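Keep in mind that this is a model prediction, so the values were computed, not measured. Residue numbers start at 1 and run along the sequence shown.
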Amino acid sequence: MDNVQEACEVLPEHERWSRITLSFINWSLIISIVNAASREVSEWEGSLPVTMKPNRINHGLGLKSLQQKVESSGSLHIESKPDSFSVEIVLYGL
């Protein structure tokens with residue numbers, strides 16, 4: 001959620017938005033987080049975006065941690081577009 005806030009802060013106020021959706025379908029929890037972005041992520045390491053912050057050693061850990069937590073019982077999909085960024089988490093068998 002820190003990333004959502006930071007992405008929106010660099011945009012003009014009228015262009016800021018975020019949407020969080022939770023759904024429970026067929027014993028699976030689907031969590032979708034989509035927010036406005038000022039640019040598309042250009043650098044990826046596998047399925048994860050590389051942080052754009054100058055201090056890469058201390059940043060870019062949140063999505064890696066999330067991926068590790070989700071991989072045993074679900075899936076993680078991340079997508080970047082020029083005007084938005086989205087994360088979808090599916091947790092199976094709940």
Side-chain angles (χ1 to χ4, degrees):
M1 294 308 301
D2 289 339
N3 291 342
V4 172
Q5 180 180 353
E6 290 173 11
C8 287
E9 284 177 343
V10 300
L11 295 168
E13 193 168 328
H14 67 279
E15 293 180 19
R16 298 175 186 175
W17 60 270
S18 63
R19 180 178 60 238
I20 301 170
T21 307
L22 301 172
S23 304
F24 190 71
I25 302 170
N26 295 330
W27 300 104
S28 296
L29 177 63
I30 302 164
I31 304 166
S32 174
I33 303 168
V34 186
N35 60 272
S38 61
R39 63 182 180 258
E40 189 170 359
V41 173
S42 59
E43 191 175 345
W44 293 79
E45 187 175 295
S47 61
L48 296 176
V50 174
T51 183
M52 293 185 236
K53 296 176 182 169
N55 184 349
R56 290 185 176 184
I57 292 173
N58 294 318
H59 294 285
L61 305 174
L63 289 175
K64 286 180 187 176
S65 176
L66 180 62
Q67 183 181 45
Q68 290 173 349
K69 296 286 184 187
V70 169
E71 67 185 8
S72 65
S73 62
S75 65
L76 175 67
H77 177 75
I78 301 169
E79 185 175 10
S80 177
K81 295 180 180 179
D83 61 350
S84 67
F85 187 85
S86 64
V87 175
E88 184 177 84
I89 303 160
V90 180
L91 300 174
Y92 304 111
L94 300 178

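- Evaluation of the side-chain contact (heavy atoms from CB on, under 4.5 Å) rule for Ser72 yields no partner, not counting sequence neighbours.
- Within the model, atoms NE2 of His77 and OG of Ser75 stand 9.5 Å from one another, a figure rounded to the nearest 0.5 Å.
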Apply side-chain contact (heavy atoms from CB on, under 4.5 Å) to Leu76 and Glu71, showing your working. CA-CA 8 Å; Leu76 175 67; Glu71 67 185 8; over 6 Å; no

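- Each ring-ring contact (aromatic ring centres under 6.0 Å, His included) pair with one or both residues in residues 9-30, not counting sequence neighbours, appears once here: Phe24-Trp27.
- Minimum heavy-atom separation, Ala36 to Ala7: O-CB, 3.7 Å.
- Checked against side-chain contact (heavy atoms from CB on, under 4.5 Å), Gln5 has the following partners two or more places apart in sequence or in another chain: Glu9.
- Taken together through direct or relayed side-chain contacts under 4.5 Å among Ile, Leu, Val, Met, Phe, Trp and Tyr, Leu91 and Ile78 form part of one hydrophobic cluster.
- When the side chain to side chain donor-acceptor pair (under 3.5 Å) test is applied to Ser47, the partners found at least two apart in sequence or on another chain are Gln67.
- To the nearest 0.5 Å, atoms CZ (Phe85) and CD1 (Ile33) are separated by 10.0 Å.
- Rounding to the nearest 0.5 angstrom, the gap separating the CD1 atom in Ile20 from the OG atom in Ser32 is 9.5 Å.
- Contact record, Val90 with Val70: O-CG1, 4.3 Å, taken as the closest heavy-atom pair.
- A distance of 11.5 Å separates CD in Glu6 from OG in Ser38, rounded to the nearest 0.5 Å.
- Note that the OG atom of Ser28 and the CG atom of Leu94 stand 6.5 Å from one another [nearest 0.5 Å].
- What you find for Ser80 and Val41 is that their closest heavy atoms are OG-N, 2.7 Å.
- Taken together through direct or relayed side-chain contacts under 4.5 Å among Ile, Leu, Val, Met, Phe, Trp and Tyr, Val4 and Val10 form parts of separate hydrophobic clusters.
- Side-chain N or O atoms of Arg16 include one that pairs as donor or acceptor with a backbone N or O of Leu11 at under 3.5 Å.
- A search for side-chain contact (heavy atoms from CB on, under 4.5 Å) contacts involving Leu22 returns Ile31, not counting sequence neighbours.
- Side-chain heavy atoms closer than 4.5 Å link hydrophobic residues (I, L, V, M, F, W, Y) into clusters, and following such links, possibly through other members, connects Leu66 to Trp44.
- When the side-chain contact (heavy atoms from CB on, under 4.5 Å) test is applied to Pro82, the partners found at least two apart in sequence or on another chain are Glu40.
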